[in-house]
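The analysis underlying the following values was restricted to heavy atoms, covering all of them including side chains, and did not include hydrogens, waters or symmetry mates. Whatever order the structure lists them in is the order used to number ligands and atoms, beginning at 1.
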Amino acid sequence: MPNAVDQLFAVRAAIGKAEAEAGRASGSVTLVAVSKTFNADAVRPVLDAGQRVFGENRVQEAQSKWPLLRSDFPDIELHLIGPLQSNKTEDAVALFDVIESVDREKIATALSEEMRKQNRFPRLYVQVNTGSEPQKAGIDPKEAVAFVKRCREVHGLEIEGLMCIPPADENPGPHFALLEKIAGQAGVAKLSMGMSGDYETAIGFGATSVRVGSAIFGAR
Ligand SMILES: *Cc1c(COP(=O)(O)O)cnc(C)c1O
């Protein structure tokens, strides 16, 4: 069995190399370690090794795993990277520090209400469906700039960045480039893009965070 801690250090080294090759500052890319499907016992060694930023794609799974881990590691930063259902908004706002999957009006409305109610303000990213895939979450690229604007002006939400998941069977580069272009047009600074198979490529296209699961924790 490959060891998650060794793989964590290998991924960190690869990120450092990709930063250097892209002429970017060392440490400019945040590693979001995606721990979905792995239980608390599998995550703990990675926490002990110093990793503090984690991604989960399901609210309920994260609730079953993270409150206890967080009592031991209070400085963790938890990202929701999967689709958010409006009936899970309350739980998501209570648990996550960053919600990367804001992708429709109904969720923007629900988040705005819930954040005010709880007086808790997770940082927010808008997910863009760069490949316009019908089965995939995310706002269509053509509507993304207007949606970011409505999040700000209608819902009073601060949008920190954009997130995308390129189509599995395509060269990801053009999708990363499109996300970077939309971010410029929308005036958002952060780009969450790149997963186990393509995070080094994403860093070349300006990713400020990469979401890496299987390359650290192993196959799911
Ligand atoms: C699962 C997941 C990842 C991590 O995928 P790997 O290929 O295992 O690195 C990244 N982003 C999202 C949105 C995911 O659901």
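Between D75 and R70 no salt bridge is recorded (no basic side-chain N to carboxylate O distance below 4.0 Å). Taking a cutoff of 4.0 Å between a charged side-chain nitrogen and a carboxylate oxygen, E77 and R123 qualify as a salt bridge. Looking at E114 and R120, no side-chain N of the basic residue comes within less than 4.0 Å of a carboxylate O on the acidic one, giving no salt bridge.
Every N/O-N/O distance between N57 and ligand 1 stays at or above 3.5 Å.
A salt bridge (Lys or Arg N to Asp or Glu O under 4.0 Å) with K190 is found for one member of E100, E158, E160 and no other, namely E160.
Counting heavy atoms under 4.0 Å from ligand 1, residue R220 touches it through the side chain alone.
Of the protein's non-hydrogen atoms, the one nearest atom 12 (C) of ligand 1 is I81 CD1, 3.5 Å. The protein atom (non-hydrogen) at minimum distance from atom 15 (O) of ligand 1 is K36 NZ, 2.7 Å. The nearest heavy-atom contact from the protein to atom 10 (C) of ligand 1 is M195 SD, 3.3 Å.
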Where do V98 and Y125 land on the side chain to side chain contact (heavy atoms under 4.5 Å, CB included) test, with the steps shown first? CA-CA 8 Å; V98 181; Y125 284 56; 3.7 Å; yes

Any chance you could lay out the side chain to side chain contact (heavy atoms under 4.5 Å, CB included) test for L162 and V148, step after step, and finish with the verdict? CA-CA 9 Å; L162 302 181; V148 170; 4.1 Å; yes

Could you go through R58 and K36, starting from their C-alpha distance and side-chain angles, then the distance that decides it, and tell me whether this counts as side chain to side chain contact (heavy atoms under 4.5 Å, CB included)? CA-CA 8 Å; R58 293 216 166 93; K36 65 185 185 197; over 6 Å; no

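Each of the following atoms of ligand 1 lies closer than 4.0 Å to a heavy atom of V212: 9 (O). Listed by atom number, the atoms of ligand 1 under 4.0 Å from G213 heavy atoms are 4 (C), 6 (P), 8 (O), 9 (O). Close approach of ligand 1 to R211 is summarised as follows: ligand atoms under 4.0 Å from at least one heavy atom of the residue are 4 (C), 9 (O), 10 (C), 11 (N), 12 (C), 13 (C).
When S196, A137, A168, G138 are ranked by how near their heavy atoms come to atom 7 (O) of ligand 1, first place goes to S196.
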